[in-house]
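Right, one structure below, let's go through it.
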Protein chains: 2
Amino acid sequence: MRYRKIPDEAVRRLPVYLRAALHLSGRGIECTSSQGLADFIGVEPWQIRKDFSYFGDFGVPGVGYNLSRLIKHVNRILRLDTGPKAALVGVGNLGTALLTFPGFRMYGLEIAAAFDIDKRKIGRRKAGVLIEDVAALSDLRTRGIDLGIVAVPEATSQQVIDALAQAGIKGILNFSPRHVVVPRGMKVITIDIAMDLARLPYYVPAG
Amino acid sequence: MRYRKIPDEAVRRLPVYLRAALHLSGRGIECTSSQGLADFIGVEPWQIRKDFSYFGDFGVPGVGYNLSRLIKHVNRILRLDTGPKAALVGVGNLGTALLTFPGFRMYGLEIAAAFDIDKRKIGRRKAGVLIEDVAALSDLRTRGIDLGIVAVPEATSQQVIDALAQAGIKGILNFSPRHVVVPRGMKVITIDIAMDLARLPYYVPAG
DNA sequence: GTTTGTGAATAGTTTCACAGCA
DNA sequence: TGCTGTGAAACTATTCACAAAC
């Protein structure tokens, strides 16, 4: 493999490949081809080979990919091998759903702290996680937390992100659709649920 | 404007522009420039002008965009002007969060029906919506529903999507990461929350 | 003077086709 | 023979720069 710029889209797909590898590995399969992975995911095999090629040699020509090796490799690339911990801010309906969300576990991700502004929630536990006062949010890195999940009303998302930045957080999964300004070096991935539902009718024939 | 293929990315951004227009309009602003919209959203103004250019003439040179006209125009393009209704399948933690989610309203979207497999939930109401038996899911078009939201465990997502297709649904917002096969003409937009959190550590400097 | 709308240039991503290795 | 890894080609999207419109 020679160096070249890694497409963002290739990075975005790595977790998908990782999930497929984990699934197939869980079924007792040790080795599979790009075709085997592609069929599972519903993409084309050269897409997978191309994406992997940006990160090094994953497979063996004529044979395929050893799944446990692939899993280890992708886990390291995505920095999931250290079991990243996230702090959730906003324990409303969406926040609660995220606390109990089963999908994080397979990636080794964990919500290790939760914060809210509501005095009635503070001090209680939800899904085993203590809800703390968002006003006391500070220094999360010393607690081994370096990701943030923002599930607050959009009016407060900017100040929450500022507070998370102050607490040393460099990566945020943001469910608020409002534009936020972030310090240099911070990465924000926004999930805009309403936007995604709102563009759906465009594709649906009028009726 | 001359015809050319409309980029998917431009369609994806239309709801963002619509939200900005609604916000600014709500503040009493009648007219703004692409720069004014861009500042609000956090993008560059030519991106907005280019995107609008695929759909026709929205603005007035030297003046800008009349917001109520813009809102009406974008609403029609996205087919939001008829107030699309969605059926939610899966009233777990995530489904409940979606039922109470405030973000759909501004787009004129409504969750008009909810389905679950759990007998204890069926017959009850949540956020004013009656929870019906998913086994009785049929013929949603006659109820004026043409969108589906799938928030079920991934093991059942395929059969739920099959049932929605049977019920006449042509557009689905899918929260299950599993690959699903869909009938021709059906559009599925997948939100993969775990995938988005899982690629975040990649961008965060090791520490 | 100001701002739009858009052709042209640049950048990024996907797809192909096949050399090279097991 | 079968499958990977990858240059090259094709396609798609972003960015620029400016003529035309107000």
Side-chain angles (χ1 to χ4, degrees), chain A residues 1-17 20-21 24 29-74 77 195 199 202-203, chain B residues 1-17 20-21 24 29-71 73-74 77 199 202-203:
Chain A
M1 176 206 133
R2 300 220 316 286
Y3 175 80
R4 80 187 75 144
K5 183 158 171 357
I6 294 166
D8 245 15
E9 289 299 296
V11 176
R12 197 183 56 75
R13 286 186 291 259
L14 282 187
V16 178
Y17 303 151
L24 295 173
I29 298 164
E30 279 180 20
C31 189
T32 192
S33 62
S34 57
Q35 183 76 63
L37 280 167
D39 289 346
F40 186 86
I41 297 163
V43 300
E44 300 298 329
W46 26 255
Q47 173 98 85
I48 295 177
R49 294 203 303 274
K50 187 67 161 180
D51 285 346
F52 284 166
S53 80
Y54 296 112
F55 300 98
D57 296 4
F58 283 49
V60 182
V63 180
Y65 300 93
N66 176 284
L67 286 175
S68 65
R69 199 175 105 80
L70 181 63
I71 289 164
K72 203 178 293 182
H73 202 150
V74 176
I77 293 164
M195 179 194 82
R199 74 197 164 95
Y202 175 86
Y203 298 98
Chain B
M1 177 204 133
R2 302 218 316 285
Y3 175 79
R4 80 185 75 144
K5 183 158 173 357
I6 294 167
D8 245 16
E9 290 298 298
V11 176
R12 197 182 58 74
R13 285 186 292 259
L14 282 187
V16 179
Y17 303 152
L24 294 173
I29 298 164
E30 278 180 22
C31 190
T32 191
S33 63
S34 58
Q35 183 75 63
L37 279 167
D39 290 346
F40 186 85
I41 298 163
V43 299
E44 300 298 329
W46 28 256
Q47 173 98 88
I48 295 177
R49 294 203 302 275
K50 189 65 161 180
D51 285 346
F52 284 166
S53 80
Y54 296 112
F55 300 97
D57 297 3
F58 284 47
V60 182
V63 179
Y65 300 91
N66 175 284
L67 286 175
S68 65
R69 200 174 104 79
L70 181 63
I71 290 164
H73 202 148
V74 176
I77 292 164
R199 73 196 164 95
Y202 175 87
Y203 297 100

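Worth knowing before you read on, the calculation uses all heavy atoms, side chains too, and leaves out hydrogens, waters and symmetry mates. Chain letters run A, B, ... following the sequence lines, proteins first, then strands; residues in each count from 1.
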So if I take every side-chain heavy atom of A:Asp8 and compare against D:dA13, D:dT15, C:dT13, which nucleotide ends up nearest? C:dT13
Picking from D:dC18, C:dT14, C:dG7, which would you name as closest to the side chain of B:Lys50? C:dG7
To the nearest 0.5 Å, what is the distance between CD (B:Glu30) and CG (B:Leu24)? 12.5 Å
Interatomic distance where CD belongs to A:Glu44 and C1' belongs to D:dC11 [whole Å]: 16 Å
To the nearest Å, how far apart are B:Arg49 CZ and C:dG7 P? 14 Å
Angle between ring planes, B:Phe52 versus B:Phe58, binned at 30° and 60°: parallel, tilted or perpendicular? parallel
Check the distance between C:dT3's P and B:Asp39's CG and give it to me in whole angstrom. 11 Å
Take atom CH2 of B:Trp46 and atom P of C:dT10, then tell me their distance rounded to the nearest Å. 15 Å
Can you name the closest pair of heavy atoms from B:Ala38 and B:Glu44 and give their distance? CB-C, 3.8 Å
With sugar-phosphate meaning primed atoms plus P, OP1 and OP2, does B:Arg13 contact a base, only sugar-phosphate, or nothing at under 4.0 Å between heavy atoms? sugar-phosphate
Ranking B:Tyr65 and B:Gly62 by the position along DNA chain C of their nearest nucleotide, the one closer to 5' is B:Gly62
Where the side chain of A:Asp57 is concerned, which of D:dT6, C:dT4, D:dT15 is the nearest nucleotide? D:dT6
Could you pick out which residue, B:Pro45 or A:Pro7, lies toward the 5' side of DNA chain C when each is mapped onto its nearest nucleotide? B:Pro45
B:Gln47 has an atom CD; how far is it from atom C1' of C:dG12, in whole Å? 14 Å
Roughly how many Å is it from NZ in B:Lys5 to P in D:dT14, rounded to a whole number? 12 Å
Answer whether the closest heavy-atom distance between the side chains of B:Tyr17 and B:Leu37 falls below 4.5 Å. no
Measure from CG on B:Leu37 to P on C:dG5 and round the result to the nearest Å. 12 Å
When rounded to whole Å, the CG to P distance for the pair B:Asp51 and D:dT12 reads 16 Å
Beyond-backbone contact of A:Val60 with A:Asn66, side-chain heavy atoms, under 4.5 angstrom: no
Looking only at side-chain atoms of B:Pro61, point me to the closest of D:dA21, C:dA8, D:dG5. D:dA21
Please determine if a side-chain N or O atom of B:Ser34 lies less than 4.0 Å away from the OP1 or OP2 oxygen of C:dT4. yes
Nearest to the side chain of B:Val60, which nucleotide is it out of C:dT4, D:dC22, D:dT4? D:dC22
